[in-house]
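One structure below.
Read the numbers this way: they start at 1 and go in the same order the structure lists the ligands and their atoms. The figures that follow rest on heavy atoms only: side chains count, while hydrogens, waters and symmetry mates do not.
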Amino acid sequence: MTVRPKLSLTMKIMIAMVAGIVLGVLINLFLADVAFVRETLVDGVLKVIGAVFVAGLKMMVVPLVFVSLVGGVTAMGDVKTLGRIGLKALVLYLLTTTVAVSIALLMAVALAPGKGLDLTSTQATYTAKDPPALADVIIGMVPSNPVQAMAEGNMLQVIVFALLFGVAITLAGNRGKHVLNFFGDLNDVIMRMVDVVMAFAPLGIFALIARTFAGQGIDMILPMLGYFMVVAGALVVHAVATFSILVRVFAGLSPARFFSKMRPVMLFAFSTSSSSATIPVNLKTVEQKLGVNNSIASFTVPLGATINMDGTAIMQGVATVFIANVYGIDLSLTDFLTVIVTATLASVGTAGVPGVGLIMLAMVLHQVGLPVEGIALIIGVDRLLDMMRTAVNVTGDAAVSCVIAKTENGLDREVFLSDEGDAAGRQTSAA
Ligand code: ASP
């Protein structure tokens, strides 16, 4: 009997990603004009595989969040704990996003992308949609029809309904216990479904990435290289510095191991550009690989995917400075403070789906009196940046979950220290 090393899922995903990039770039460079390649491969096979994979992930979101959160809230035992965890999550999510925009602004001001560039004559047009008013956001959190909330995948409403449901189970005493047992079993079943969908990740991610790169020419990025690099740089700085500090200082965990375990989640976020679609994988990782207990993770991860968008806020900060530079408008200190506040709030209001961060940027630009049409300038490079910022968005959710878990005695260090799910760790199987 020989023991042969088996590639871990992370390894397979990484290989699939590199293969996807290579195929996409090759198509882009040499085969873009071949109708067969474009119609049958890029807009046919690759599109179908990618879309089926993303739909599979999204399919899990509402059932998993609802079932897992109901169980989590009930296990918390009392409403006071729930309120405390909720408050901690809110404060930490807002705080990390504020740090993120500040880093973005500092880097953008220092590196001044767009200075001396005259792109305003390119006749770019962008019509902004109205951002929702704060009052509507608050009213909109309570579902008047929970079935509709689930059908529409409205995460905040699903979270509110699940919280109330979980609290009611506790209040119902013995009768509630039957319901809770059922939810516990259901949670296990749904987690297995997530495993099944994840097994297809290498193929799905390959298709998503290949198609994106087939359509993204380098020529689109070149004129925007300054802007692109500053956003990318700020994303890396925030991820490496802020998240490492959070994880090391406030959760007492090794950042290297944290990132290693988070790698598949980041790759999922990168290839789908959707925090929301990444919830199932992130939740599973935070609980089963990082060791955060279910009560905390089932609450903080979906909430974070909905309101915590550090990467998005970074893009918005850099974009504001870039657009001001291109239009030759000076920003005052008050403007910068306004950007910090509005970008933080805008990221709360940004849904965890592809491209929405750019729509919410209109709100930030409007607040500081910059031309909203400026968005048209950066639209061309946003696809790739969206992928990168989404990876940062979901990592922030996981880092905050670890911190909250630490303060609530809900962090299992043994799980964190085990090799399972460590990208460096290989599984072996007998063959
Ligand atoms: N795609 C991002 C996310 O899902 C949101 C955005 O910045 O557009 O996290």
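- In terms of protein heavy-atom proximity, atom 5 (C) of ligand 1 is closest to Val353 O, 3.6 Å.
- When heavy-atom distances to ligand 1 are checked against a 4.0 Å cut-off, Met309 comes that close only through its side chain, counted from C-beta outward.
- Listed by number with element, the atoms of ligand 1 under 4.0 Å from a non-hydrogen atom of Gly357 are 6 (C), 7 (O), 8 (O).
- Under the rule for a side chain to side chain contact (heavy atoms under 4.5 Å, CB included), the partners of Arg38 that lie at least two apart in sequence or sit in another chain are Ala35.
- Close approach to Ser275 involves these atoms of ligand 1, each under 4.0 Å from a residue heavy atom: 3 (C), 4 (O), 9 (O).
- Between the side chains of Arg389 and Ser273, no donor-acceptor pair is found at a separation under 3.5 Å.
- Ring pair Phe322/Phe228: centre-to-centre distance not below 6.0 Å.
- Applying the 4.0 Å criterion to heavy atoms of Thr312 picks out, from ligand 1, the atoms 5 (C), 6 (C), 7 (O).
- Figure legend: cation-pi geometry between Lys289 and Phe416 absent, as NZ or CZ is not positioned both under 6.0 Å from the six-membered ring centre and within 45° of its axis.
- Among protein heavy atoms, the minimum distance from atom 1 (N) of ligand 1 is reached at Asp386 OD1, 2.7 Å.
- Against a heavy-atom cut-off of under 4.0 Å, Val356 is close to the following atoms of ligand 1: 8 (O).
- Side chains of Thr407 and Lys88: a donor on one and an acceptor on the other come within 3.5 Å.
- Within the structure, salt bridge (Lys or Arg N to Asp or Glu O under 4.0 Å) pairs that include any residue of residues 227-255 do not occur (at least two apart or interchain).
- Atoms of ligand 1 found under 4.0 Å from any heavy atom of Ser274 (numbered from 1 in listed order, with element): 4 (O).
- Within the 4.5 Å cutoff, side-chain heavy atoms of Leu370 are placed close to those of Ile329.
- Close contacts of ligand 1 with Gly355, meaning ligand atoms under 4.0 Å from a residue heavy atom, involve 8 (O).
- When non-hydrogen atoms are compared, ligand 1 lies under 4.0 Å from neither the backbone nor the side chain of Leu358.
- Between the side chains of Thr312 and Asn393, at least one donor-acceptor pair of N or O atoms lies under 3.5 Å.
- Applying the 4.0 Å criterion to heavy atoms of Thr390 picks out, from ligand 1, the atoms 1 (N), 2 (C), 3 (C), 4 (O), 9 (O).
- Here is the list of ligand 1 atoms found below 4.0 Å of a heavy atom in Gly352: 3 (C), 4 (O).
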